[in-house]
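A quick write-up on the structure given underneath.
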Amino acid sequence: MKVSLSGKKALVVGATGGMGSAVAGMLCNNGVNCVVLGRDKNKLNELEQSYSSGEVRFKSIISDISNIDSIRERSAEAIEYLEGLNFLIHCAGIYNKSKADECDLEVWDDVLDTNLRSTYHFARHTLPEITKSPGGAVVRINSRDAVHTGIGIQTLQKRAIDGYMEVLFEDVREHGTKVCTINPGFVNTAMVNPERLIPERMIQPSDVSELIKFVLMTSATACPTEISLQPQRSPWKIQGHHI
């Protein structure tokens with residue numbers, strides 16, 4: 001049975017980033033009503049101008065997802081505006097690099113609040129609505145695991161998110177709710193270093209948004225729970241570097 005996204009309702013977290021804005025566009029173009037969250041007011045205004053005049057309902061909200069109270073309030077606001085919720089798409093994240101004996105613990109806490117804790121707080125405040133009917137989904141954009149010196153906090157939050165999402169699937173699968181973690185390699189966004197990498201060889205934000213579309217449209221009898229994505233060709237400008 002073919003799955004249609006038209007008329008569904010989604011909350012997109014991190015919509016002002018490269019991947020998040022591509023996801024918002026994909027959803028709107030497929031008839032999904034959206035509330036999108038982000039920190040960049042100008043980019044939110046751009047999204048509003050692009051999609052609020054279309055056939056779908058669209059609202060953008062500035063949000064601090066490192067704040068638990070803000071997560072609860074924005075989740076409730078999205079559910080009220082959309083009159084329900086089917087999909088939670090979490091694309092937000094920050095990056096910090098430092099060795100264990102040099103790290104600023106306040107910065108590490110900020111990474112955990114923004115990347116990890118927001119993942120389960122958003123789930124906690126939206127799942128009671130998402131699980132009311134089959135066909136809902138929680139999708140988290142995470143990252144590939146490439147261990148090297150100085151990325152302790154990134155490795156910690158990445159593996160914690162993977163583990164949480166794995167258990168979350170078991171918690172909600174009988175409701176017909178899909179849970180998927182997507183772990184891409186280098187994606188052509190502002191978070192990567194263009195001096196070291198070739199943008200056109202990286203994964204493109206549209207590649208990620210199409211993958212999310214695939215997850216949301218997967219039949220009711222199957223669930224892609226974890227997907228790894230790599231650039232087809234090495235994006236490094238200097239040969240011999242590893243992804």
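Count residues from 1 along the sequence. FYI, side chains are in, hydrogens and waters are out, and symmetry mates aren't considered; it's all heavy atoms of this structure. Given the structure is predicted, the values throughout are model-derived calculations rather than measurements.
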Looking at E80, I'd like to know if its CD atom is crowded, meaning that more than 12 non-hydrogen atoms belonging to other residues, nucleotides or ligands lie closer than 6.0 Å. no

Taking V179 as the fixed residue, which of V215, T225, V172 is the one that meets the side chain to side chain contact (heavy atoms under 4.5 Å, CB included) rule? V172

Is R57 reaching over with its side chain to a backbone N or O of Y81, donor-acceptor style, under 3.5 angstrom? yes

Any non-hydrogen side-chain atom of L27 less than 4.5 Å from a side-chain atom of L216? yes

With rounding to the nearest 0.5 Å, note down the distance linking OG1 in T16 to CG in L47. 8.0 Å

So the ring-ring contact (aromatic ring centres under 6.0 Å, His included) pairs with at least one residue in residues 19-50 (sequence neighbours excluded) are none

If you take all heavy atoms of L127 and T177, which pair is closest and at what distance? CD2-CG2, 4.4 Å

CD/Q232: more than 12 non-hydrogen atoms of other groups inside 6.0 Å: no

Side-chain heavy atoms of V32 within contact of V56, under 4.5 Å: no

So, S21 side chain and G18 main chain: donor-acceptor pair closer than 3.5 Å or not? yes

Rounded to the nearest 0.5 Å, the CD1 atom of I182 sits from the CE atom of M19 at a distance of 9.5 Å

Let me confirm one number: the CZ-OG distance from R117 to S66, rounded to the nearest 0.5 Å. 10.5 Å

Close side-chain approach of I71 and V13, heavy atoms under 4.5 Å: no

Has E170 got more than 12 heavy atoms of other residues, nucleotides or ligands less than 6.0 Å from its CD? yes

Within the supplied structure, the quantity of interest is the number of heavy atoms (other residues, nucleotides, ligands) at a distance under 6.0 Å from I62 CD1; does it exceed 12? yes

So if I apply the side chain to side chain donor-acceptor pair (under 3.5 Å) rule between N142 and each of D162, N115, T119, T181, which one comes out positive? D162

Step-by-step side-chain contact (heavy atoms from CB on, under 4.5 Å) determination, V138 to M165: CA-CA 9 Å; V138 177; M165 295 292 284; 4.0 Å; yes

Can any side-chain N or O of Q204 pair as donor or acceptor with the backbone N or O of M202 at less than 3.5 Å? yes

Beyond-backbone contact of I198 with K237, side-chain heavy atoms, under 4.5 angstrom: yes

Are there over 12 heavy-atom neighbours, none belonging to E48, within less than 6.0 Å of that residue's CD? yes

Name all pairs fulfilling the salt bridge (charged side-chain N to carboxylate O under 4.0 Å, His left out) condition that reach into residues 119-134, sequence neighbours left out, sorted by first residue then second. E129-K132

Taken to the nearest 0.5 Å, the spacing of T114 OG1 from D109 CG works out to 10.5 Å

For D64 and R39, run side-chain contact (heavy atoms from CB on, under 4.5 Å): C-alpha distance rounded to whole Å, both residues' side-chain angles, the deciding distance at 0.1 Å, then the answer. CA-CA 7 Å; D64 176 9; R39 294 183 295 179; 5.6 Å; no

Should Y120 and I161 count as side-chain neighbours, where that means a heavy-atom distance under 4.5 Å? no

List the atom of A22, the atom of S209, and the distance in Å for their closest heavy-atom pair. O-CB, 3.6 Å

I'd like to know if M217 and V139 are part of one continuous hydrophobic network [Ile/Leu/Val/Met/Phe/Trp/Tyr, side-chain heavy atoms within less than 4.5 Å]. yes

Side-chain heavy atoms under 4.5 angstrom apart, residues restricted to Ile, Leu, Val, Met, Phe, Trp, Tyr: same cluster for V187 and F214? yes

Going by heavy atoms in the side chains, are C223 and T218 under 4.5 Å from each other? no

Describe, in one word, how the ring planes of H90 and F122 are oriented to each other, choosing from parallel (under 30°), tilted (30 to 60°) and perpendicular (over 60°). perpendicular

Shortest non-hydrogen pair, G185 vs P231, comes out as CA-CD, 4.5 Å

Would you find a donor on one side and an acceptor on the other, under 3.5 Å apart, between the side chain of N33 and the backbone of K9? no

In terms of heavy-atom contacts, C91 and G14 come closest through CB-O, 4.2 Å

Rounded to the nearest 0.5 Å, how far does CG of L88 lie from OG of S75? 7.5 Å

Which value, rounded to the nearest 0.5 Å, describes the distance between C34 atom SG and Y51 atom OH? 9.5 Å

Salt bridge or not for K43 and E46, using N-O below 4.0 Å? no

Which pair of heavy atoms, one from L11 and one from A78, lies closest together, and at what distance? CD1-CB, 3.9 Å

Between the side chains of S219 and T221, does any donor sit under 3.5 Å from an acceptor? yes

Which is it for E210 and M26 under the side-chain contact (heavy atoms from CB on, under 4.5 Å) test, yes or no, and what are the steps along the way? CA-CA 7 Å; E210 285 301 306; M26 178 276 293; 4.0 Å; yes

Return the minimal non-hydrogen interatomic distance between I203 and P184, and the atom names on each side. CD1-CB, 4.1 Å

I141 side chain near I212 side chain, heavy-atom distance below 4.5 Å: yes

Candidate pair N45 and K41, rule side-chain contact (heavy atoms from CB on, under 4.5 Å), full reasoning: CA-CA 6 Å; N45 288 338; K41 182 177 180 180; 3.9 Å; yes

Are any non-hydrogen side-chain atoms of F87 and L5 less than 4.5 angstrom apart? yes

